[in-house]
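Contents: one structure, followed by commentary.
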Amino acid sequence: MSLRVHASNRLETLAEVMAGLMAEAPVVAGQALPPNPARAEVVVINSRGMEAWLQQALARYSPAGVSANRRFVLSNSLTEFVLLHRDGRDHRWGEVLEQTPGLFSREVLLWRIFADLGDIMPNEQFEGARAPLAAYIYADGSDLTGQDRRRFQLARQIAELYDQYQVYRPAMLAAWEAHGALAPHDETELWQAALWRTLRASAGPDELPRNAAMQAWCGVPGGAWRLPVFALPRLWVFGLSTMAPAYLTMLKTLAAEREVHLLLRCPSPPSTAGDQSTEPLGPALGEQLQGLLAELRASGDPVVLADLANTALFQPPVLAGASPETLLQAVQQQIFTGQVMQLPAALAQTVRQGQAASLRCHACHSPMREIEVLHDYLLAWFDGHPERQPGQVLVMAPDIEPYVSAIEAVFNRPSTSDHDYLPYAVADRQVSRSSAVIRAFLQLLQMPGQRFRLSELLDLLATPAVAARRGLSAGDFNRLRQFLADAGVRWGLDAAQRDDMGFGMLGDSFTWQKGLDRLFAGYALAEGAEASDQALLLAHLAPLPDMEGESTRLLGVLAEFLADLRQWCAALDESRTPAEWCATLQPWLTRWFRSDEESAAEIAALYRALDE
C-alpha cells in the first residue's frame, strides 16, 4: 500500500515537502515511470483559494522555480473521474464536466422528488409516511402557485439532504433499502426512508447512487471498474482536514496501485491531537481532524502508522526554553501543546495596554468599512518594509461574495501615489457571481414580480454581452442613461405592472413607459408634428428636446429592449414542464446575449445546462 501521510502544523512546510516529492518520478509497481512532460500531477484541494495559494507555493519551493502542468480538482471531481471508468474504457478529465448528470445527482434528484411530491393529494388522509409532506405542501390552503412553490422548495431541500447522505451516511441509505426506517416511530425518518426507496426503485438496477457505486468500485479488486494506472499515476491530497469514510476508502483503494500522498495540516502533532486538556481551543480545533486520524489509524497499515508517528515536520511556534514574543505565538503554542501557559510579564502588559499587534480584533459597522480598515492596515504593514510582498498576504472570509464589491471599490480606488496601490486577486467566487452572462441570465429569470428599478435594468444593459446584442457602445450607454434620468424614469414598467404589484394608485408616473412616451414625444416635436398634436404632447407628456439624429437610434434600442422585457415576463408567467421550460428559454439566449471571445464559453455553458 502506497498511502503516505505527511502531517505538519505549517502549510508552508507541507508545500515544500510536496514540491520536493513532485520532482521525483512516480513509482508504480516498484518501478519509477520515465519522465513525461505531458503527464499532469493531480492535486485534490478543498477550495479554489487553496489552489491559488498552493500554485504559488509550489513555484517558490520547486527546484526549477516553476509550477506547471498541475491539475487541481475538488474531491467530488476525483470521485466522478474514478466512477467514469466503471465501463472499462479510457476517459479524459474533461468528461467529468461533459457527462450528463446521473439520476442521483443533486440537480436531477430535485426534479425527480418534485415529480414524486406531485402525487400527494390534498384530500389524502394525514396518516402514514407522507403525512408531514402533505401538511407542508397544502398548508394554509394556499393556491396552486403557492403549492408548487412549496413543493419545489421542499424538493430542493430533500435533494440536498440525500446528496449529503450519499457521502456521509451510506450505511443508513443501505439500511433503508434493505429494511426500511431504522426508527419506525420517527416521523421524519419514516417519510425519508419511504421516499428514498421510491427513488431507488424508479431508477432501475443499473443506475446506482454515489455511495453504492463507490462501494462497488472499491469492492471489486482487479475488475473492469479499476482505474488504470496511466490515467492517474500519482495523486496528491492537500489540506483536507475532514473526509467522508467512503472517500478515505477510495483513496486506500487507489493507493493499492499508485502513490497517494495525503498532506494534513494539524495544529498539534497527531500523537497528541486527540488529548483532552484544560485548554478549550484544543479539542474544538481538532474535532474533525481527530475523526480522520482515527480512520487512518484504524487501517492498521504499518506505513500509515509510521507516518502518523513521525513528528519531524512539526515546528513548535516557540522553541524549547524560550518564551513567546507575541500574543499570536502564545495562542499557537497553547494549541500546539494542548496546555495552558502563563504569558510572560512583558507580553501580558502589552496585551493589557491594547498594543498586541500580532493579533487584533476590529469591530466594523459594514463590509465596506472592514475592507477600508484592512486596506489601511496593509499599507501601514508594507510601509518601510521592502522585504514584505503582497504574495505573502492571504485574506480569508467565510463567504467572500458579500465583500467583492467593497474590495473592488477600495482596492481599485484612484490614488495619488503608486505606493498606495496593492495588487490583489479574489478566489473562490461562485460561477454565477464571477460570470457576467450567467449573472445577467439569473437576473432576467427573477424579473417577474420585480419593481424594474432604473439602476437594476441599467446594470443589465451594461453587461457586455447584452450591450453588444443591442449594439450599444460605452458612449451610447452613457447617453441612454442620461436620457432616462432626464425622462424621470425611476421604477415600474407601466401602470398595469404597478397595479399587479398592488401600487395601482401611483399610476404611470416615473415608469419606463412614461419615460419612453416623453422621449418619443420629443422625437415627434423634432420631426415637426402638427400644431394640434404639439399642443396635446405639451399638455400631457412634457416632451424632451433634442431627440433627433443619433438619439433616434438609441430611442429605438430602448423601445425594443422594453418590448422584449414584456414578452420575456409574459413567457415566464406560465406553468411548464422542465422540458418545456428548456425549449422556451433556449431561443431567448440569442435574443439577450451576443457571443464573442469573452462570453462564448459562458453562453455555451447556459446552452449546455438547458440541454441537460
Side-chain angles (χ1 to χ4, degrees), residues 76 99-167 169 172-173 176-177 180-181 187-204 206-212 430-432 438 441-442 444-449 569 571-586 588 605-612:
N76 283 343
Q99 66 176 338
T100 302
L103 293 181
F104 290 94
S105 61
R106 182 183 303 185
E107 53 268 35
V108 178
L109 269 177
L110 188 156
W111 294 109
R112 294 180 63 204
I113 296 171
F114 182 80
D116 287 338
L117 294 180
D119 295 335
I120 300 178
M121 303 302 295
N123 57 355
E124 192 175 294
Q125 289 187 353
F126 279 44
E127 297 178 359
R130 303 199 300 183
L133 304 179
Y136 176 80
I137 295 174
Y138 298 104
D140 304 327
S142 55
D143 57 12
L144 182 61
T145 302
Q147 293 167 11
D148 286 343
R149 183 180 298 110
R150 286 171 174 267
R151 184 156 62 105
F152 179 80
Q153 294 171 345
L154 182 59
R156 181 170 55 188
Q157 293 293 329
I158 297 174
E160 292 178 356
L161 192 65
Y162 283 163
D163 185 66
Q164 295 180 23
Y165 284 169
Q166 293 180 65
V167 178
R169 305 291 297 275
M172 183 179 69
L173 294 181
W176 283 355
E177 296 171 22
E187 188 180 66
T188 301
E189 186 184 355
L190 197 63
W191 68 257
Q192 289 189 48
L195 181 57
W196 177 256
R197 289 197 303 274
T198 301
L199 294 171
R200 285 288 281 123
S202 62
D206 296 332
E207 188 75 27
L208 298 177
R210 189 184 310 170
N211 61 304
Q430 299 176 7
V431 176
S432 59
I438 296 178
F441 187 67
L442 293 177
L444 284 166
L445 290 176
Q446 297 172 356
M447 279 295 175
C569 291
L572 294 183
D573 195 25
E574 296 182 13
S575 297
R576 294 183 173 88
T577 65
E580 292 172 344
W581 273 115
C582 294
T584 301
L585 295 177
Q586 278 190 344
W588 278 98
L606 286 176
Y607 274 109
R608 187 164 56 248
L610 292 175
D611 284 337
E612 296 174 354

If you define the side chain from C-beta out and look only at heavy atoms, does anything of [X] sit under 4.5 Å from [Y]?
{"X": "Q153", "Y": "R149", "result": "yes"}
{"X": "R106", "Y": "E160", "result": "yes"}
{"X": "I113", "Y": "F152", "result": "no"}
{"X": "W196", "Y": "P209", "result": "yes"}
{"X": "R576", "Y": "L585", "result": "no"}
{"X": "V108", "Y": "P101", "result": "yes"}

Test side chain to side chain donor-acceptor pair (under 3.5 Å) applied to E189 - qualifying residues, sequence neighbours left out: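 With neighbours one apart ignored, the set is W176.
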Pairing residues for Q446 by the side chain to side chain donor-acceptor pair (under 3.5 Å) criterion, not counting sequence neighbours: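 By the side chain to side chain donor-acceptor pair (under 3.5 Å) rule, Q446 matches no residue at all.
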Could you give the distance from [atom1] ([X]) to [atom2] ([Y]), rounded to the nearest 0.5 Å?
{"X": "R156", "Y": "L110", "atom1": "CZ", "atom2": "CG", "result": "7.5 Å"}
{"X": "R197", "Y": "E177", "atom1": "CZ", "atom2": "CD", "result": "9.5 Å"}
{"X": "R169", "Y": "Y162", "atom1": "CZ", "atom2": "OH", "result": "12.5 Å"}
{"X": "L109", "Y": "I158", "atom1": "CG", "atom2": "CD1", "result": "10.5 Å"}
{"X": "F441", "Y": "L445", "atom1": "CZ", "atom2": "CG", "result": "4.5 Å"}
{"X": "E580", "Y": "E574", "atom1": "CD", "atom2": "CD", "result": "10.0 Å"}

Cation-pi geometry met for R112 and F104 (6.0 Å, 45°):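 Yes.
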Q192 side chain to Y165 side chain, donor-acceptor N/O pair below 3.5 angstrom: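 Short answer, yes.
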Minimal non-hydrogen separation, R210 against Q166, with atom names: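 Closest approach of R210 to Q166: N-OE1, 2.7 Å.
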All salt bridge (charged side-chain N to carboxylate O under 4.0 Å, His left out) counterparts of R151, not counting sequence neighbours: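 Here the qualifying residues are D148.
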Derivation of the side-chain contact (heavy atoms from CB on, under 4.5 Å) call for R200 and L208: CA-CA 8 Å; R200 285 288 281 123; L208 298 177; 4.3 Å; yes
